[in-house]
Amino acid sequence: MRYRAPRGTTDILPEEQVYWRYVQECASSLAETFGYGRIDTPIFEDTGLFVRTVGEATDIVDKEMYTFEDRGSDQVTLRPEGTAPVCRAYLEHGMHNLPQPVRLYYQISLFRYDRPQAGRYRQFHQFGVEAIGDSDPAVDAEVIELAWRFYERLGLQGLTLALNSIGDKTCRPLYLERLVEYYTPHVEHLCQDCQARIHRNPLRLLDCKQLSCQPYIAEAPVSTESLCDDCREHWGRLTTHLGDLGIAYSVDHRLVRGLDYYSRTVFEILPPEEGSQSTLCGGGRYDGLMEQLGGKPTPGIGFALGIERTILNLKRQGVTVPDQSTTAVAIAHMGEAGGREAVKLAAQLRSAKTSTILLPGQKSLKGQMRHAGSLGARYVVIIGDKEAANGVATVRDLAAAEQREVPLGEVIAAVSQDHSHD
RNA sequence: GUGAGCGUGGCCAAGAGGUUAAGGCGCCAGGUUGUGGCCCUGGAGAUCGGGGGUUCAAAUCCCCUCGCUCACCCCA
């Protein structure tokens, strides 16, 4: 075959769409219930936006971005994440003039140049929210709750919420110092990656997966015990809110998140099965991000969750999704006059919002009936020259295996009867 | 970037050196006069991912290559 979908991309065929619709409708209706408004940002941005915010030492920037120079010699990048563009839009449109916090949600495609595997693609999709302009821990709780309710509504079970605080610009430097201080004597025993992390990105020492590094992680200083007064209070109030909401969480001192812009609250939602790349949802607070983009200091918190991974888990757990059947009416027709009436009738049915297809009239009636049956149509309307001449049509109910002849003008009524028992 | 497994008609899938490469699903056409879902019959559709090699003979053995999948790194 000459062409196929590029590596790491996939076609979402009609039979898959039932999952997508289910998940995406659940996401947007829930977000709107929480008072979030939808935002769509461009699919590509200035490369600098991501380099500066996500962090040069992160894998995303280091090796996963789809970056190219356009014909005008601008460096652009297919967005690898959603938060930075939303923050850019916040600044660009002066949203600080709106009542704070500004609540936004998005459902977008993202692009990361990775080796694809289960639940990971080069083009993938996220649902995410950002609440910008309020540092109240109640907003942290709200955002976490929104993510949690999403999975609850979908019907996924056995998920866990992992929570941590990595401090802010006041206390994190001190914590990092303690961390480096603690690790330095052990440096020779660490894996290659961790030896580099000590200098490049010490926080990441904590989520190393190497077995040999685990003992050092277990004994490492814990960030929540190094928080400054403000961060400690924020943390305490957040956990209180979550308790009040009845949302169970487990504090994970090793949870640090990959992107540079996080501060204070970080969290993830994980599926029941173990697996290192299985995170369903990740988020956190990013109080320093706006300043990096040249705006005034503005707090913010949000999350992003993977649609593909969500659907993967829906399937694994056998969650049944509503399957709105598509075709209600199929019109079989024979002969010149029958064909003309069929085309007109189809138009009328569609304008009455009844999904209708025209069967291939060059086939035998038997062939058309089979066709209708395999489509799962509810009714077949048969119009041959005989019916056309008499101004009638035969309306057959496929499920009931009954049919009757009705005047053409009454076909719509005949196929619109009471489906409440369906 | 690293490692492992796999690549046979649209899909699933037999086949493990030797005449025309099974079968199932799906698709198409029929089973008498304009009628589906079951059943029956027939049909179309594969240079066995690609290239090279071994051999009288390869889908079956060897090498290379491409692709897919899974895992690692990392992340959604």
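Everything quoted here is computed from the prediction, not taken from an experiment. A note on names: the letters A, B, ... follow the listed sequences, proteins ahead of strands, and every chain is numbered from 1.
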Asks: What contact category does R122(A) fall into here, base, sugar-phosphate, or nothing, at under 4.0 angstrom with non-hydrogen atoms?
Replies: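 The residue R122(A) makes no contact with any strand.
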Asks: Between A76(B) atom P and D59(A) atom CG, what is the distance in whole Å?
Replies: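 Taking atom P of A76(B) as the reference, CG of D59(A) is at 11 Å.
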Asks: Whole-Å distance between C68(B) P and D11(A) CG?
Replies: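 It works out to 13 Å between those atoms.
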Asks: Before accepting this row, confirm whether a basic side-chain N of the pair E268(A)/R257(A) lies closer than 4.0 Å to the acidic partner's carboxylate O.
Replies: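 Yes, charged N to carboxylate O under 4.0 Å.
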Asks: For RNA chain B, just give me the dot-bracket, please: Watson-Crick or G-U, both distances below 3.5 Å, ( ) intra-strand, [ ] crossing earlier pairs, | paired with another strand, . unpaired.
Replies: ((((((((.[[[..)..(....]]].(((((.......))))).....[[[[[..)....]]]]])))))))....
Asks: With a non-hydrogen cut-off below 4.0 angstrom, is L280(A) in contact with a base, only sugar-phosphate, or nothing?
Replies: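 Since only primed, P, OP1 and OP2 atoms lie under 4.0 Å of L280(A), the category is sugar-phosphate.
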Asks: Can you tell me the distance, in whole Å, between the CZ atom of R115(A) and the P atom of C68(B)?
Replies: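 Rounded to whole Å, this separation is 10 Å.
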Asks: Quick one: which residue pairs count as a ring-ring contact (aromatic ring centres under 6.0 Å, His included) with a foot in residues 186-214 of chain A, not counting sequence neighbours?
Replies: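 Matches after skipping sequence neighbours: Y182(A)-H186(A), H186(A)-Y216(A).
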Asks: Using a cutoff of under 3.5 Å, can you pull out all pairs of nitrogen or oxygen atoms linking the protein to nucleotides 65-67 of chain B, with atom names and distances?
Replies:
{"from": "G67(B)", "atom 1": "O2'", "to": "R4(A)", "atom 2": "NH1", "distance (Å)": "3.0"}

Asks: Show me the pairs that pass ring-ring contact (aromatic ring centres under 6.0 Å, His included) and involve residues 130-160 of chain A, at least two apart or across chains.
Replies: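 Found F127(A)-F150(A).
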Asks: Mind calculating the distance between CG (D62(A)) and C1' (G1(B)) to the nearest angstrom?
Replies: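 Taking atom C1' of G1(B) as the reference, CG of D62(A) is at 12 Å.
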Asks: Salt bridge or not between R178(A) and E181(A)? Use side-chain N to carboxylate O under 4.0 Å.
Replies: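 E181(A) and R178(A): not salt-bridged.
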Asks: Roughly how many Å apart are U35(B) and A29(B), using the P atom of each and rounding to a whole number?
Replies: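 My reading of the P atoms in A29(B) and U35(B) gives 14 Å.
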Asks: Tell me the interatomic distance from L211(A), atom CG, to C72(B), atom P, rounded to whole angstroms.
Replies: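 Distance, rounded to whole Å: 14 Å.
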Asks: Is it the case that the ring center of Y113(A) lies less than 6.0 angstrom away from the ring center of Y66(A)?
Replies: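 Yes, they do, as the ring centres are separated by less than 6.0 Å.
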Asks: I'd like to compare against my own output: the B/S/- annotation of nucleotides 31-40 of chain B with a strict under-4.0 Å heavy-atom distance to protein.
Replies: B--BBBB---
Asks: A76(B) and C38(B): how far apart are their P atoms, nearest whole angstrom?
Replies: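 Taking atom P in both A76(B) and C38(B), they lie 47 Å apart.
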Asks: Rounded to the Å, how far apart are Q117(A) CD and C72(B) C1'?
Replies: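 It is 8 Å, rounded to the nearest whole Å.
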Asks: Let me know, please, whether Y262(A) or P116(A) comes out on the 5' side of the other along RNA chain B by nearest nucleotide.
Replies: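 Between the two, 5'-proximity favours P116(A).
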Asks: Any salt bridge between E16(A) and K315(A), counting N to O under 4.0 Å?
Replies: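 Salt bridge flag = yes for K315(A) with E16(A).
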Asks: Output yes when D114(A) and R122(A) qualify as a salt bridge under the 4.0 Å nitrogen-oxygen rule, no when they do not.
Replies: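 Here D114(A) does not pair with R122(A) in a salt bridge, since their nearest N and O are not under 4.0 Å apart.
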Asks: Can you measure L159(A) atom CG to A76(B) atom C1' for me and round it to whole angstrom units?
Replies: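 Computing the L159(A):CG to A76(B):C1' distance gives 14 Å.
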Asks: Would you measure the distance from the C1' atom in C6(B) across to the matching atom in U65(B) and give it in whole Å?
Replies: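 Here C6(B) and U65(B) have their C1' atoms 16 Å from each other.
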Asks: Using the C1' atom as the reference point in each nucleotide, state the distance between G1(B) and U60(B) in Å, no decimals.
Replies: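 Their C1' atoms lie roughly 34 Å apart.
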Asks: So does E308(A) pair up with R120(A), basic N to acidic O under 4.0 Å?
Replies: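 R120(A) and E308(A): not salt-bridged.
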Asks: Tell me whether R254(A) is salt-bridged to D207(A), with the criterion being a basic N under 4.0 Å from an acidic carboxylate O.
Replies: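 Looking at R254(A) and D207(A), the cut-off is not met.
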Asks: On a whole-Å scale, what distance lies between the P atoms belonging to U8(B) and A14(B)?
Replies: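 Comparing P positions in U8(B) and A14(B) gives a spacing of 11 Å.
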Asks: Side chains of Y105(A) and E32(A): is there a donor and an acceptor less than 3.5 Å apart?
Replies: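 The answer is yes; a qualifying pair exists.
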Asks: Can a side-chain donor-acceptor contact be found between Q75(A) and T67(A) if the only test is distance below 3.5 angstrom?
Replies: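 Q75(A) and T67(A) do not have a side-chain donor-acceptor pair below 3.5 Å.
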Asks: Heavy atoms only, 4.0 Å cut-off, all strands: where does K363(A) land among base, sugar-phosphate and nothing?
Replies: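 Sugar-phosphate contact only.
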Asks: What interatomic distance, in whole Å, is found between P of C70(B) and the corresponding atom of A13(B)?
Replies: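 My reading of the P atoms in A13(B) and C70(B) gives 15 Å.
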Asks: Please tabulate, for the side chains in residues 387-394 of chain A, all donor-acceptor contacts under 3.5 angstrom to protein atoms that are two or more places apart in sequence or on a different chain.
Replies:
{"from": "E387(A)", "atom 1": "OE1", "to": "G384(A)", "atom 2": "N", "distance (Å)": "2.8"}
{"from": "E387(A)", "atom 1": "OE2", "to": "T394(A)", "atom 2": "OG1", "distance (Å)": "3.2"}
{"from": "N390(A)", "atom 1": "ND2", "to": "K386(A)", "atom 2": "O", "distance (Å)": "3.2"}

Asks: Would you kindly give the CD-to-P distance between E64(A) and G1(B), to the nearest whole Å?
Replies: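 Going from E64(A) (CD) to G1(B) (P), I get 13 Å.
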Asks: Could you give the distance separating C64(B) and G24(B) at their P atoms, to the nearest angstrom?
Replies: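 My reading of the P atoms in G24(B) and C64(B) gives 39 Å.
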Asks: Determine the interatomic distance between C1' on G43(B) and the same-named atom on G52(B); round to the nearest Å.
Replies: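 Those two atoms are separated by 38 Å.
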Asks: Is there a donor in the side chain of S165(A) and an acceptor in the side chain of T265(A), or the other way round, less than 3.5 Å apart?
Replies: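 T265(A) and S165(A) do not have a side-chain donor-acceptor pair below 3.5 Å.
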